[in-house]
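In the text below, chain A, chain B and the rest are named by the order of the sequence lines, each starting its count at 1. As a basis for the values below, the full set of heavy atoms in this structure was taken, side chains included, without hydrogen atoms, waters or symmetry mates.
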Protein chains: 2
Amino acid sequence: MSLRIALLGLLAASGPASGYDLAKKFETSVAHVWQAGHSQIYPELAKLTADGLVAVEAEGPRGRKIYTITPEGDAELRRWLMEHTPSTTLRSESALQAFLVPLLDPRDGVAVLRRIKKEVEGRLAELEALRAAKNAADARSPGEPPNRFGAYALDLGIRQSRAALEWAEDAMADLERAT
Amino acid sequence: MSLRIALLGLLAASGPASGYDLAKKFETSVAHVWQAGHSQIYPELAKLTADGLVAVEAEGPRGRKIYTITPEGDAELRRWLMEHTPSTTLRSESALQAFLVPLLDPRDGVAVLRRIKKEVEGRLAELEALRAAKNAADARSPGEPPNRFGAYALDLGIRQSRAALEWAEDAMADLERAT
DNA sequence: AGCTGACATGTAAGTTTTGACATGTCAAGG
DNA sequence: CCTTGACATGTCAAAACTTACATGTCAGCT
């Protein structure tokens, strides 16, 4: 379900796009919130078309198909946003490692935490770069209200990454005391 | 892979247990890090047994089977912890909703954020209850070093929930300014 | 003219996850 | 004795996801 919604959302927010475009946007924008590769996206777009939630607006060069959201699709999107209680399913391999770290002896545990910390730092840097790019884009069109689409999620990601970073530091310090 | 590791980890940390016990622990401890229902756990235990990573130690009443981790299982677990770079795959329906909120008019957006905030509050309360229970258990066995198994992950969850809570408040305030 | 690399779309096989179905044991209370 | 509810284990079909395979177009460079 969520994949459909993510696709409908991108079409609603950024206008008509091809499967290829949508796959790109998954990498650069929604990725921090929901991930999907093109092998999932193309079939889903076909299903959405069959269900009347999107339509092929035009065909471009190289077999490019441009999809638009239909009014039904828009209604579905809004309904999901307003009514669907998000599942709280969580799955994080990093957190699983963090969970299990006390099984290792402290030296090894610290090494694992250090690696996790590095990954968090990388993610944080990515997110901050995205936000900087967004801010720059907003600054280029003064007068216009800034485009907040995706901005809240970005902010959430940044805050959670910062929290994870502090956690990694404290956890390492704690483990080192036990060495 | 991660499911196996989670099961091996629980067996390594808490000693022999049945599939039923492990399913319970998934609900009350690992759940904040990795989720799985019994319909996934039983077949996986069978596979782990076939692969020699766990073994049936004893059979109790009501067909209860008690599994133990084998030395091979323990080695596998440690290898994964030390060597496996966790995948950064992220999928959060709440974050997806947050991402899409700006598509709604501010009034509706605030309502969605309010709901997300309530869910985060619920989760935070759960995690804090777990931590309180853990602390109480540690206090009951003085002298013993506190059992840190799962504690780091719990701490991470709590910090991230707090960050999400602050985010929700700020995002709502931001949206309300736009009303 | 040929090569490279981004553009563009798909399929297929295999794994993981979900949700429903199915079955049976045992203890405690009415 | 009977019912209820926790204990206990499983299977199955469908959906979602991953990874690899497969094919072809077009622009720009050499």
Return the value, rounded to whole Å, for the distance between atom [atom1] of [X] and atom [atom2] of [N].
| X | N | atom1 | atom2 | value |
| --- | --- | --- | --- | --- |
| B/L48 | D/dT9 | CG | P | 15 Å |
| B/E27 | D/dA6 | CD | P | 12 Å |
| B/L90 | D/dT18 | CG | C1' | 16 Å |

Qualifying salt bridge (Lys or Arg N to Asp or Glu O under 4.0 Å) pairs, either residue in residues 2-15 of chain A, two or more places apart: A/R4-A/E44, A/R4-A/D51
In chain order, what residues pass the side-chain contact (heavy atoms from CB on, under 4.5 Å) check against A/K118, with sequence neighbours excluded? A/E121
For B/P86, what residues pass the side-chain contact (heavy atoms from CB on, under 4.5 Å) criterion, not counting sequence neighbours? A/E93, A/S94, A/Q97, A/R115, A/E119
List the protein contact pattern of nucleotides 8-18 of chain C with one symbol per nucleotide (5' to 3'): B for base contact, S for sugar-phosphate-only contact, - for none; contact means a heavy-atom distance under 4.0 Å. BBBBB---SSB
B/R162: what forms a salt bridge (Lys or Arg N to Asp or Glu O under 4.0 Å) with it, not counting sequence neighbours? B/E128
Of all residues at least two apart in sequence or in a different chain, which pass the salt bridge (Lys or Arg N to Asp or Glu O under 4.0 Å) check with B/R140? none
